[in-house]
Novice: 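Got a structure for you, questions after.
In this text the structure is predicted, and so the values were computed from the model without any measurement. Residue numbering restarts at 1 for every chain, and letters A, B, ... go by the order of the sequence lines.
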Amino acid sequence: MTPKEHFASRVLAWFDQHGRKHLPWQQNKTPYRVWISEIMLQQTQVMTVIPYYERFMARFPDVFALADAPQDDVLAHWSGLGYYARARNMHKAAQVLVNDWNGEFPASQEGVCELPGIGRSTAAAILSISRGEPLAILDGNVKRVLGRFHAVPTWPGERKTEAAMWQLAESYTPTDRAGDYTQAMMDLGATLCTRSKPSCERCPVQDDCDALASGAPTDFPKSKPKKPAKPVRATQMLVLLDTHQETPQVLLEKRPATGIWGGLWSLPELSLEDDLVQLTEQRLPVQVQSVTSLSSFRHTFSHYHLDIVPYQLDVKATQAVSEEQKYQWFSLEHAYELGLPAPVRTILESAQGQSGTQTLLEL
DNA sequence: AAACCGGGGGC
DNA sequence: GCCCCAGGTTT
C-alpha cells in the first residue's frame with residue numbers, strides 16, 4: 001500500500017467504526033441536500049444545524065421549490081442562522097440551476113464553482129459526497145488535520161501555504177469511497193482533531209503525525225501572525241440639534257472623499273481635550289443652549305480602536321452654513337437616508353431616545 | 001479580545 | 001489575480 005492509500009484507508013476504517021453516519025443530510029445524499037447542509041455547516045455547528053436543516057428541507061424539498069420561493073420565505077427559514085448573504089446566494093444559485101441547468105448540478109467542479117456562494121471546496125464536497133467524484137476538499141477541518149499531520153510550519157492563510165495544503169489534500173484523496181473520505185475528514189477534524197484538546201490517542205493516523213511527534217500538536221496549524229496591538233484613538237462627536245425649526249435639524253459634515261468614511265456624512269468632531277462649548281461656537285455657526293452627554297462606546301476599525309464620546313448639543317443656528325457645503329443641516333429623517341458611518345447612525349438613534357444620558361448644563 | 005472561515009469582492 | 005473583509009460565534 002502506498003503512503004497515500006495507507007492514510008486514506010486508516011481514515012476510512014476509523015469512519016466506518018466511529019464516524020457519524022446518521023445525520024439528516026447523510027441520508028438520501030442528493031447534490032441538493034448535500035449542498036444545503038454544506039452551506040449551513042460552514043457557519044454553524046452540527047447540533048444547531050439539524051433542526052434548521054429539517055425545517056428547510058420540509059419547506060424546500062428540492063431545487064425547484066427553493067428557486068420558486070420568495071426571498072423572504074427563504075430568509076425566514078434561515079432566520080437565526082445569521083450570514084444572510086449566504087442564504088441569498090443560495091437562493092440565487094437555485095434559480096441559476098433551474099434556469100440554466102434544468103435543475104441538475106453541473107457534472108464538473110468548475111461548473112459547480114460558477115454558482116453563487118460555492119467555491120472550490122464546497123463544490124468538491126457536494127460532488128464527492130453525492131456522486132463519489134474523487135475531488136479534494138480543504139475546509140477548516142482538513143486544514144487542521146493535514147496541517148498537523150505534516151506539521152506545516154506556516155500559516156494556512158498565506159497563499160503559498162494554502163496552495164501547498166491543496167496539494168496535500170489532493171494527494172490523500174482516494175479514488176474509491178471519495179464521499180466517505182470527505183465526510184471522514186470533516187468528522188475527524190470536528191470530533192478528534194479539534195482546535196484545542198485534540199484526542200490524539202484515539203486518532204487513526206497518530207503513528208505518523210508530525211505534530212504529535214513534535215510534542216505540541218496544538219502548535220499546528222500555525223496561527224495567524226499577530227498584528228501589533230491596535231492603537232486607541234478618541235474623539236468627541238457632536239450631535240448639534242437645532243430645535244428652533246419646524247422639524248429638528250442636525251448638522252452633518254461631509255468627509256473628504258478618501259480615507260476613513262470617505263465621502264460619507266458624519267458628525268462634527270473635536271479632540272478630547274477641546275472645550276466643547278467654546279470650540280463649537282468658535283468653529284460652527286451656532287449658539288449652544290444645552291449639553292447632554294450620550295453613552296460613550298468603542299468602534300473598531302481594521303487598524304485602530306476609536307473611542308467615541310458623543311454629546312447632544314441643543315443649539316440655535318446663527319447663520320447659514322458656508323458655501324462649500326462641507327457642513328449641512330438635515331432633518332433627522334433625511335439624515336437616516338444618507339450614507340452614514342455605522343457609529344454615527346448609532347449615535348443619532350441614541351440622541352433621539354436620549355436613554356442613559358444626562359443633561360450637563362443649561363445655558 | 002481574538003480566532004475562526006470559505007467565498008465575495010475590492011483594489 | 002491577490003488580498004482582505006463580512007458576519008456571528010467560539011475559545
Novice: Identify whether any heavy atom of A:Arg88 sits under 4.0 Å from a base atom; if not, whether one sits that close to sugar-phosphate; answer base, sugar-phosphate or nothing.
Specialist: nothing
Novice: Check every atom of B:dG6, B:dC5, C:dT11 against the side chain of A:Arg144 and return the nucleotide holding the closest atom.
Specialist: B:dC5
Novice: Tell me if the centroids of the rings in A:Trp78 and A:Tyr83 come within less than 6.0 Å of each other.
Specialist: no
Novice: Check whether any side-chain N or O of A:His77 sits under 3.5 Å from a backbone N or O of A:Asp72 as a donor-acceptor pair, and report yes or no.
Specialist: no
Novice: Could you check how far CH2 of A:Trp78 sits from P of C:dG7, rounded to whole Å?
Specialist: 15 Å
Novice: Rounded to whole angstrom, note down the P distance from B:dG6 over to C:dG1.
Specialist: 24 Å
Novice: Considering only nitrogen or oxygen atoms on both sides, find all protein atoms under 3.5 Å from nucleotides 8-11 of chain B and state each distance.
Specialist:
{"from": "B:dG8", "atom 1": "OP1", "to": "A:Gly117", "atom 2": "N", "distance (Å)": "2.1"}

Novice: Could you verify whether a donor N or O on one side chain and an acceptor N or O on the other, from A:Gln245 and A:Asp242, lie under 3.5 Å apart?
Specialist: yes
Novice: In this structure, how many angstroms lie between the P atom of B:dG6 and the CD1 atom of A:Ile137, rounded?
Specialist: 9 Å
Novice: Could you tell me the separation between the CG atom of A:Leu41 and the C1' atom of B:dC4, rounded to a whole number of Å?
Specialist: 15 Å
Novice: Check whether any side-chain N or O of A:Gln312 sits under 3.5 Å from a backbone N or O of A:Leu240 as a donor-acceptor pair, and report yes or no.
Specialist: no
Novice: Please give the distance between the P atoms of B:dC11 and C:dG7 as a whole number of Å.
Specialist: 16 Å
Novice: Using a 4.0 Å heavy-atom cut-off across all strands, classify A:Arg86 as base, sugar-phosphate, or nothing.
Specialist: base
Novice: Please compare A:Leu81 and A:Arg195 by the position of their nearest nucleotide in DNA chain C and report the one closer to 5'.
Specialist: A:Leu81
Novice: Check this one for me: any side-chain N or O of A:Thr44 less than 4.0 Å away from OP1 or OP2 of C:dG8?
Specialist: no
Novice: Please state the P separation for the pair C:dC2 and B:dC5 - nearest whole angstrom.
Specialist: 23 Å
Novice: Among A:Val112, A:Val34, A:Ile137, whose side chain to side chain contact (heavy atoms under 4.5 Å, CB included) with A:Leu127 holds?
Specialist: A:Val112
Novice: What is the distance, to the nearest angstrom, from the CD atom on A:Glu162 to the P atom on B:dC5?
Specialist: 11 Å
Novice: Rounded to whole angstroms, how far apart are CD1 on A:Ile39 and P on C:dG8?
Specialist: 16 Å
Novice: Relative to each other, are the rings of A:Trp35 and A:Tyr32 parallel, tilted or perpendicular (30° and 60° limits)?
Specialist: perpendicular
Novice: Measure OH/A:Tyr84 against C1'/C:dG8 and give the value in whole Å, please.
Specialist: 10 Å
Novice: Using every non-hydrogen atom in the two residues, find where A:Ala317 and A:Trp329 come nearest and quote the distance to one decimal.
Specialist: CB-CZ2, 3.9 Å
Novice: Whenever both distances are under 3.5 Å in a Watson-Crick or G-U wobble pair, mark it; put DNA chain B into dot-bracket that way, with [ ] for crossing pairs and | when the partner is on another strand.
Specialist: |||||.|||||
Novice: Just how far, in rounded Å, is C1' of B:dC5 from CZ of A:Arg120?
Specialist: 17 Å
Novice: So that I know where these two stand, are A:Phe149 and A:Phe7 an aromatic pair - ring centroids less than 6.0 Å apart?
Specialist: yes
Novice: Calculate the interatomic distance between A:Met40 atom CE and C:dT9 atom P; express it in whole Å.
Specialist: 15 Å
Novice: Between A:Thr182 and A:Ala178, is there a donor-acceptor pair closer than 3.5 Å when you use the side chain of the first and the backbone of the second?
Specialist: yes
Novice: Is it true that a side-chain atom of A:Asn99 and a backbone atom of A:Gln95 form a donor plus acceptor pair closer than 3.5 Å?
Specialist: yes
